[in-house]
Every structure is written in C-alpha cells, then in structure tokens.
Protein chains: 2
Amino acid sequence: MNVVDKDSPLPMYYQIEEDIKRRIEEGSYETGKPIPSERELSEKYEVSRMTVRQAISNMVRDRLLYREKGRGTFVAEQKFEQPLDGVTSFSEDMKRRGLSPHNELLVFEKMIPDETTKDILALGTEEVYYLKRIRYADNEPMAVEETFIPVRLFPELEEKVFGVMSFYEYIETKTDVSIRSARQTIEAGIAGEDEAAPLAIDEGAAILQIERIGYLTNGLPFERNISTYRSDRYKFISDMYRN
Amino acid sequence: MNVVDKDSPLPMYYQIEEDIKRRIEEGSYETGKPIPSERELSEKYEVSRMTVRQAISNMVRDRLLYREKGRGTFVAEQKFEQPLDGVTSFSEDMKRRGLSPHNELLVFEKMIPDETTKDILALGTEEVYYLKRIRYADNEPMAVEETFIPVRLFPELEEKVFGVMSFYEYIETKTDVSIRSARQTIEAGIAGEDEAAPLAIDEGAAILQIERIGYLTNGLPFERNISTYRSDRYKFISDMYRN
DNA sequence: CAGTGGTCTAGACCACTAC
DNA sequence: TAGTGGTCTAGACCACTGT
C-alpha cells in the first residue's frame, strides 16, 4: 500500500516528489488547490516532517507547488508545456519549436582571435576554432552564425562533430566539463549585403542580432557566438522567473 | 564575538548567509576554495548542522557556492556582478544599468480589450486598464510601451501610482499577490511614423519589439506589455542558466 | 481557536573522497 | 581511516491565516 520504500536506493524525499507529481498529473491534486498539509503527508508516507518538507521544497523550487504562510501548499498552474528558459543551442532551440535544424558549414579553422574575442574569452596568445555556419530550420535559412571556441578547452574537437551532433551535446557527452550559464545580448539591426544574401531576405529588412557568451561550471568562458537571425521567420522567446 | 543573534527577528540561517557572503567579499573565503565544513560552521555559529545546511543550500541555489560530495563546499566564480536574469520592469531594468528612469503617461483608462488581449489574459467580458507610456532613461526616450492589466486583479489601481513607483513594486508592496514569471517574445522591426516620432529616431531605423506576458504565483496572467525600444540606445541583456 | 508553514535542535547512519 | 556532504528522525516553538 505504501508508496515509499525505505530500502530503496532512491531517497525517500525523491520518491515522495514522484508520488505527488503523479497525483497532480492524474488530477487527485488539483491546480490552485491545496495538497495535504506537511503533517498529514508525513503520517501518510510514514516519514518525518522534515523529509516531506524537503520533497515539497524541491517542488517549490521547480515551481510545481507554491506555499502560502498559514494557509497551505498549493498546486501551481502548469503554464508552460515545455520550458523555454535556460541556455540552448540553435539545434536544441529549433527542435523545441518542432522544426528540423541543419547546418551549412562555411568555415571551420583554427585562427588567432581578434582583440574583442580575445578579451571576452580571457585568452592570451592562444588559438580559437572559428566556425561560420548558415543555420536552417525545415530547409529554410534562419540565421548566419559565427562561433569562437578556445582550442585549449577542446583540443580534440573536429569538423565532423558539427555534422553529427549539437556542440552542446558534444560538451555534455564527450567531455568532462559542463555548461553553467550564458549571457545573451539582443539587438535589432538592418540587413546589409552580407546578411541579406545568405538569409534570402532583402537588404534593409529587419534582423535580430544575438551575441552569446557561454560559461562552464568552473566559471571559464567557452564560446563566443554571434548570430544574425532573419526577423520575418524568427522570434526570440524565453521564460523568466521573478527572483 | 558571535555573529548570529538568536533573539533577532531575522532567522539564523539568514544571518549565517550574510556572514558567509561578507567573508567571501572580504576575501577570507576564496573563489574555488572550500569554506569550512558544515560541522565546523555549526560549532562556530553554535547552531545545529541542519540550520547551517539551510543557509548553504540557499547560497547553492543562488550559485554563490557549490557542493562536491565527499570533498566540501566551495566558493563559486563570481562572474556576474549584478544578476541580469529574472523578470524585471522597465524601471528596474534601467536602475540596474545605472540610469534614471522616468515616464511620460500618454493614456490611462479603463477599456474593453481587443480579442488578442482578451485571449492572452484569459478574460471574459471584463475591463482592463490600458496604459500608453513613453519611457525615458536619463531624460532620453528609450521605448514606447503599451500595457493591459485586468481591472479585476487590481481594482484600486490609480493613475498616480505610476508616477510614484514601479508597477511591479506596487504589486509586491501594496497587494497580497506576487509575481511568478513572464514569457517574453523579442523581434526586430523597422520604425514607422508612429514609432519614429516619440522615440526621436528616423523612420526606417531598427527597433526592438518586446512582448511580455506576466504571471502571478497562482498562475493567472496579470499583464500584457508591448514595448518598442530604439535599437541604437538599447540592447536586451539577459543571463541564462543551463537546466 | 485550531491548523498551517517557518524555523530549529541534537542526534544518527550512509556513500563518497582523500590520504 | 578520517572527514565530507546526503539523508533522516522525533520532537519543539513561532507567526500567520481562517473561523
């Protein structure tokens, strides 16, 4: 009868989270209504109240529940089917939108970076990989993208990787470092000759310019990415939370 | 000698957080190096280990510290002086950039919303407040902004509020609801007559169009905001984290 | 008033890391 | 082996909400 297994290798607070999620999905716990109190749950699952609190705290952090002092703990509205927050690569972004991404790799080479890039990536006299790509979604050109990556961080990076997987996938599966965060700067511009041709738009059309600087868990910058999107087909969408 | 005051109205875990932050700032706890163990800290502050853990957990959530199993708790790289993530109002955004915001309120009225707004705000036959404002930073026009707010949610909202404080401040100090999240859509456009004049830019110049839909903790949408920024003075900047 | 979440204690055993 | 964070217990008192 009891849903938590004290001998399971999974921590009990985790098992409780899963059970509460299940009940929310099946509708036993309704959106906007309170779930049972912490004391009731600790009796029900036969664990201490602190353990129930840990489960609930995690779910509050993930915004599945919210607490109100003196009133109770409530099921939050599940507004966003798929979260649109967080750092994503072009490939991931397109897949999330239900489109099929692919690349045309125009340039892949090692080079000495310009001053701005050197500064941003905190480099000395080191080389970077330089990539220039046209990004397609469902076979339509969406963006022109330039990327600078310090060679030192990924000495074994090869051109063929970019045909097979997303660079972010590569980092997370093939290396022992991981991505922490990015700072994005977004501005509007007007397409010149260089942008208009590859994107198949008119000169003078609006374009969206996004510069992203990505950071690893240890705090080091690992990429500078400059993208130019056609604004008739692409909107930048993101979910943000109040801190 | 002791830095935590058990009789203070501030919770002890909060006082401990503040003390650890102070030590990081003054350099006693160094970036990338471990802070004292939880057991040491609980002796030092004369509190139980769970209380120390609560302080540390909060700081890990805020990415000031990170834990490594069996090794210790470490001071994270402090990349961003001031966090640029999260949902912010225009006023808050400008202050964070070190600029002085002010408004010119062109329209403040109650009206029946158009279909799109009605749909977005999940309204029936209800009225909304409609605001149209020119937003200034350091006395230069930065954006034209239209906002739709359901009257039902803030029946006592008055025009004069917008002169005194940020709408977000109003919500968080004068009402008993609070802001959870927002979805922002950003695109590039070309200034027409309507945008060029109030922003003091040329027709045909690039503009940044941002639509924000804001949500309360209980999941209800509380505002639809459509902003047009001049792109020669304004860049949208945000920090994002990998999930 | 009874019930809720918020905070806190003083222990305990575990798996993991480093030496 | 000794030290670390991860998990858990069985209590306790508080401030806040609703009736």
Side-chain angles (χ1 to χ4, degrees), chain A residues 2-20 29 32-76 176 217, chain B residues 2-20 29 32-76 172-173 175-178 217-218:
Chain A
N2 209 337
V3 282
V4 308
D5 175 3
K6 304 211 181 207
D7 299 324
S8 161
L10 297 170
M12 289 180 353
Y13 71 83
Y14 180 79
Q15 297 179 51
I16 294 171
E17 282 181 56
E18 290 304 305
D19 190 56
I20 295 176
Y29 296 157
K33 294 194 176 164
I35 65 172
S37 75
E38 297 176 354
R39 286 166 185 81
E40 282 179 83
L41 290 173
S42 89
E43 270 192 39
K44 169 184 158 78
Y45 294 118
E46 296 174 333
V47 298
S48 80
R49 191 179 149 217
M50 284 305 283
T51 303
V52 167
R53 271 186 72 75
Q54 183 167 3
I56 291 178
S57 297
N58 286 342
M59 297 180 71
V60 167
R61 185 200 53 204
D62 297 342
R63 300 171 206 268
L64 296 165
L65 302 174
Y66 59 95
R67 295 198 250 235
E68 290 191 14
K69 257 182 301 187
R71 303 221 314 128
T73 303
F74 300 79
V75 180
D176 57 356
T217 328
Chain B
N2 209 338
V3 283
V4 308
D5 174 3
K6 303 213 181 204
D7 299 324
S8 162
L10 297 170
M12 287 177 355
Y13 70 83
Y14 180 80
Q15 298 180 49
I16 293 171
E17 281 181 56
E18 291 304 305
D19 189 55
I20 294 175
Y29 295 158
K33 294 195 177 164
I35 65 171
S37 74
E38 297 176 353
R39 285 164 184 83
E40 282 178 83
L41 290 173
S42 88
E43 270 192 38
K44 169 185 159 78
Y45 293 118
E46 295 175 333
V47 299
S48 78
R49 192 180 146 213
M50 286 303 285
T51 303
V52 168
R53 272 185 71 75
Q54 183 166 2
I56 291 178
S57 297
N58 287 342
M59 297 180 71
V60 168
R61 186 200 53 205
D62 297 342
R63 299 168 205 268
L64 295 166
L65 302 175
Y66 58 94
R67 294 198 252 234
E68 291 191 14
K69 256 184 302 189
R71 303 220 315 128
T73 303
F74 300 79
V75 179
E172 279 166 354
T173 58
T175 75
D176 56 356
V177 298
S178 54
T217 331
N218 61 16

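Worth knowing before you read on, the calculation uses all heavy atoms, side chains too, and leaves out hydrogens, waters and symmetry mates. Naming: A, B, ... by sequence-line order, numbering from 1 per chain.
Between the side chain of Glu68(A) and the main chain of Phe74(A), no donor-acceptor pair closer than 3.5 Å is present. Under the 3.5 Å distance criterion, the side-chain polar atoms of Thr217(B) are matched with a main-chain donor or acceptor of Ser178(B).
Summarising the geometry of Ala55(A) relative to Tyr13(A), their closest heavy-atom pair is CB-O, 3.3 Å, with the distance given to 0.1 Å.
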5' to 3', nucleotides 7-16 of chain D under a 4.0 Å protein heavy-atom cut-off (B base, S sugar-phosphate only, - none) gives BBBB-B---B
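When the side-chain nitrogen and oxygen atoms of Ser37(B) are compared with OP1 and OP2 of dG3(D), none of them lie within a distance under 4.0 Å.
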Would you please test Arg53(A) and Ser42(A) for side-chain contact (heavy atoms from CB on, under 4.5 Å) and show each step?
CA-CA 9 Å; Arg53(A) 271 186 72 75; Ser42(A) 89; over 6 Å; no
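Note: CZ (Arg67(A)) to C1' (dG3(C)) measures 16 Å, nearest angstrom.
Residue pairs meeting the salt bridge (charged side-chain N to carboxylate O under 4.0 Å, His left out) criterion with at least one partner in residues 9-18 of chain B, sequence neighbours excluded, are Glu18(B)-Lys21(B).
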